Amino acid sequence: MMIGAPKEVFDGEARVAITPDSAKQLQKLGYDVAIETGAGAAARFSDADYEAAGVTICPNAPALWATSEIVLKVRAPEEAELGHARSGQTLISFIWPAQNEALLEALKDKGVTALAMDMVPRISRAQKMDALSSMANIAGYRAVIEAGNNFGRFFTGQVTAAGKVPPAKVLVVGAGVAGLAAIGTSTSLGAITYAFDVRPEVAEQIESMGAEFVYLDFEEAQTDGAATGGYAAPSSPEFREKQLEKFRELAPEVDIVITTALIPGRDAPKLWLKDMVEAMKPGSVVVDLAAEKGGNCDLTVMDQKVVSDNGVTIVGYTDFPSRMATQSSTLYGNNLRHMMTDLTPEKDGKPFVNMEDDVIRGATVTHENAITFPPPPPKVAAIAAQPKKPAAKELTVEEKRAQEVAAFKAQTKTQVGLLAAGGALVLGIGLIPGMPASFMQHFIVFVLSVFIGFQVIWNVAHSLHTPLMAVTNAISSIIILGALIQIGSSGILITILAALGVFMASINIFGGFLVTRRMLAMFQKS
């Protein structure tokens, strides 16, 4: 069965649905692969690259649609492309069914089975097919690069002979996939980065990436995102006012603002208002990733870059993934390849649209001359929320003291019991007739060493057990001294054994310290 990818006809679209690497993976599933000539040129994939991967090159779009039972695309098909479709064909692309009712009707009338990559449910098993996250990741990264291109200074602070350069201050509004990508890029470039999100549970993620979470002096129960497919839920009017108040406070301080607040199927909320733009310093930049749905900024113009009266640049481009076509095509091609893997469980080149599968059912919008959108809720929750623990009872000082005393008594009782058992064991062995005094001396030292070692290890955090044992192994390799003493022996067998002992002990020493160093590096902030 043939899988084909036509050249995208949307003006300015540089991505392609199949790359040479993903084509090889599709062939392993039993499919033949075809592509329209020049389809990958804008993403820097030549026809020669595809031919080397065993892909058939079709001269034009009609020829590709005619020979392909499955068509993979990036953008939703336009009216001219639908004219090439036929009954029984399978189409997989971004479709946005909630906003494209006419397209769904046309696909249904044509008898095309259509799977929307933007409808893949956000459950753990489907992460490898989550094309929205793949493109959002690229958009967040590119937003920072675009901001830097329009910003007149360094991101990182510098002290040079020519003077001191302060670091740029970046505010990222929204900590979804795009927001986190923007945060990571901004901090890696050396900017002082702030981030805000209505979901307080993402604060740890933000801070772990080196940014500062912007807290509001407001108490409101926020959803964890499960009800909205992993996206933040709309806030109350009172919360919004506090939010805008905080943004007005930050506006004069920040140099770059990147807004990412958007839920598919809804208009973008207005978060960065005109008066906030007016409060920003000349030369500042606003990059609005929600421009396609009206924008988070009052002054955003879709697909354009505008400059406000006070010299603030507002970027409203909607094609950030396409501006990094090679990377975005690679990731999107992998998403499609994983989708085809689920559609071809037998790897026999024959797709099976299993409507009992949560992922496939969620993505399927037309099937067997019927519109199947919207899908039923997945059997597995989109994002499982951790069960809330009951609030701990606040203890008085006397109760805390009583707990500490009880714990100390229990620990003391355990230690005394261990000492008594050890003493009885030593005494019992010492009473054995004929037991040499030298043995008892060494045995007592051994027992005390075990006891002290146990007490030391017991009080070490679990996360440090591996480095502790590694360095213990290294230190215990003091036995290498005995091997070094014997290596000069006149007996050849003793010399060989001593040399082996030196070799093995050396591995223990260097390996132990190496493992310790690597483990401890995991707990250090770079």
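Note that the structure is predicted; figures quoted are calculated from it, not measured.
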Enquirer: Can a side-chain donor-acceptor contact be found between T19 and D21 if the only test is distance below 3.5 angstrom?
Expert: no
Enquirer: Does D49 reach the main-chain N or O of S46 with its side chain, forming a donor-acceptor pair under 3.5 Å?
Expert: yes
Enquirer: Please report the closest heavy-atom contact between A17 and L72, naming both atoms and the distance.
Expert: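 The pair with the smallest heavy-atom distance is CB-O, 3.5 Å.
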Enquirer: Compute the centroid of each ring, for F196 and then for Y194, and state whether the two points are separated by less than 6.0 Å.
Expert: no
Enquirer: Are E69 and T90 side-chain neighbours, meaning at least one heavy-atom pair lies under 4.5 Å?
Expert: no
Enquirer: Is R248 paired with E245 through a side-chain N to carboxylate O contact shorter than 4.0 Å?
Expert: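 Result for this pair is no, no salt bridge flagged.
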Enquirer: In Å and rounded to the nearest 0.5 Å, what is the CE to CG distance from M2 to L26?
Expert: 12.0 Å
Enquirer: Check for a donor-acceptor pair, side chain of S22 on one end and backbone N or O of I18 on the other, with a separation under 3.5 Å.
Expert: no
Enquirer: Would you sort out whether E368 and T113 count as a side-chain contact (heavy atoms from CB on, under 4.5 Å), showing the intermediate values?
Expert: CA-CA 7 Å; E368 296 178 345; T113 294; 5.6 Å; no
Enquirer: Hey, mind stepping through I314 and S308 against side-chain contact (heavy atoms from CB on, under 4.5 Å) and telling me if it holds?
Expert: CA-CA 8 Å; I314 299 98; S308 68; 4.1 Å; yes
Enquirer: Could you tell me whether E78 atom CD has more than 12 heavy atoms of other residues or ligands within 6.0 Å of it?
Expert: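 Yes - once you tally the heavy atoms of other residues, nucleotides and ligands closer than 6.0 Å, there are more than 12.
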Enquirer: If we ignore hydrogens and angles and just use 3.5 Å, is the side chain of K270 paired with the main-chain N or O of G294 as donor and acceptor?
Expert: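 Present.
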Enquirer: Using modelled atom types only, decide if a donor and an acceptor are shared between the side chain of T260 and the backbone of V173 within a distance under 3.5 Å.
Expert: yes
Enquirer: Between E81 and K73, does at least one N-O distance fall below 4.0 Å, as a salt bridge requires?
Expert: yes
Enquirer: Do NZ/NE/NH1/NH2 and the carboxylate oxygens of D357 and R125 come within less than 4.0 Å?
Expert: yes
Enquirer: Counting only N and O atoms by type, is there a donor-acceptor contact under 3.5 Å from the side chain of E36 to the main-chain atoms of K7?
Expert: yes
Enquirer: Once rounded to the nearest 0.5 Å, what's the spacing between atom CD of E146 and atom CD1 of I258?
Expert: 10.5 Å
Enquirer: So, do F45 and T326 sit near enough that their side-chain heavy atoms are less than 4.5 Å apart?
Expert: yes
Enquirer: Please tell me whether S188 and T185 have a donor and an acceptor in their side chains that are separated by less than 3.5 angstrom.
Expert: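 Note: S188 and T185 side chains miss the donor-acceptor criterion.
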Enquirer: With distance as the sole test, does R361 use its side chain to make a donor-acceptor pair with the main-chain N or O of V353 at under 3.5 Å?
Expert: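 Such a contact is absent between R361 side chain and V353 backbone.
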Enquirer: Side chains of N150 and K305 only: does a donor on one sit below 3.5 Å from an acceptor on the other?
Expert: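 Present: a donor and an acceptor within the cut-off.
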Enquirer: With a 4.5 Å limit on heavy-atom distance, are the side chains of P252 and M280 in contact?
Expert: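 SC-SC contact between P252 and M280 ruled out.
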Enquirer: Heavy atoms only: give me the nearest T37-P59 pair and the separation to one decimal.
Expert: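 Taking every non-hydrogen atom into account, CG2-O, 3.3 Å.
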Enquirer: Backbone N or O of L64 within a donor-acceptor pair of the T67 side chain at under 3.5 Å?
Expert: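 The answer is yes, because a donor-acceptor pair under 3.5 Å joins these two groups.
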Enquirer: Just do the side-chain contact (heavy atoms from CB on, under 4.5 Å) check on I360 and T364 with the steps written out, would you?
Expert: CA-CA 6 Å; I360 295 174; T364 304; 3.9 Å; yes
Enquirer: Does the side chain of L29 come within less than 4.5 Å of I3's, by heavy atoms?
Expert: no
Enquirer: Within the 4.5 Å heavy-atom criterion, are R323 and Y317 side-chain neighbours or not?
Expert: yes
Enquirer: If you look at every heavy atom in P351 and M1, which pair is closest and at what distance?
Expert: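 Looking at all heavy atoms of both residues, the closest pair is CD-SD, 3.3 Å.
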Enquirer: Hey, mind stepping through N335 and M117 against side-chain contact (heavy atoms from CB on, under 4.5 Å) and telling me if it holds?
Expert: CA-CA 9 Å; N335 295 142; M117 292 302 290; 4.0 Å; yes
Enquirer: Which residues pass the side-chain contact (heavy atoms from CB on, under 4.5 Å) test with D348, not counting sequence neighbours?
Expert: T344, E346, K350
Enquirer: State, to 0.1 Å, how close W272 and A251 come at their nearest heavy-atom pair, and which atoms those are.
Expert: CZ2-CB, 3.8 Å
Enquirer: Just checking F10 against F94, ring centres under 6.0 Å apart?
Expert: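 No, they do not, as the ring centres are separated by 6.0 Å or more.
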Enquirer: Check the surroundings of atom OH in Y141: do more than 12 heavy atoms from other residues, nucleotides or ligands lie under 6.0 Å from it?
Expert: no
Enquirer: Please check: side-chain N/O of Q89 versus main-chain N/O of G111, any donor-acceptor pairing under 3.5 Å?
Expert: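 Side chain of Q89 to backbone of G111, a donor-acceptor pair under 3.5 Å: no, none is there.
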Enquirer: Within a radius of less than 6.0 Å around CZ of R44, do more than 12 heavy atoms belonging to other residues, nucleotides or ligands occur?
Expert: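 No - once you tally the heavy atoms of other residues, nucleotides and ligands closer than 6.0 Å, there are 12 at most.
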Enquirer: Do the side chains of E207 and E212 get nearer than 4.5 Å, heavy atoms only?
Expert: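 A side-chain contact under 4.5 Å is absent here.
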Enquirer: If only atom types and distance count, is the side chain of T187 paired as donor or acceptor with the main-chain N or O of A211 below 3.5 Å?
Expert: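 No, the answer is negative, given that no donor and acceptor are paired below the 3.5 Å cut-off.
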Enquirer: Do L91 and P77 have side chains that approach each other closer than 4.5 Å (heavy atoms only, starting at C-beta)?
Expert: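 Side chain of L91 against side chain of P77, heavy atoms only: contact under 4.5 Å found.
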Enquirer: Going by atom types only, do S322 and D319 share a side-chain donor-acceptor pair under 3.5 Å?
Expert: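 The criterion, which ignores hydrogens and geometry beyond distance, is not satisfied for D319 and S322.
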Enquirer: Is it the case that the side chains of S134 and N137 hold a donor-acceptor pair, with the cut-off being a distance below 3.5 Å and no angle test?
Expert: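 Judged by distance alone, the side chains do not pair up.
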Enquirer: Which pair of non-hydrogen atoms, one from D255 and one from P167, has the smallest distance, and what is that distance?
Expert: OD2-O, 4.3 Å
Enquirer: Looking at every heavy atom in both L103 and A76, which two are closest together, and how far apart are they?
Expert: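 Heavy-atom minimum between the residues: CD2-CB, 3.8 Å.
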Enquirer: Less than 4.5 Å apart, side chain to side chain, heavy atoms only: is that true for K246 and Q243?
Expert: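 Result no, sub-4.5 Å side-chain heavy-atom pair not found.
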Enquirer: Could you grab the distance from atom CG of D288 to atom OG1 of T259, nearest 0.5 Å is fine?
Expert: 3.5 Å
Enquirer: Is a salt bridge present between R240 and E238, judged by a nitrogen-to-oxygen distance below 4.0 Å?
Expert: no
Enquirer: Looking only at atom types and distance, does a side-chain atom of T372 sit under 3.5 Å from a main-chain N or O of V365, one as donor and one as acceptor?
Expert: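 Answer holds: yes.
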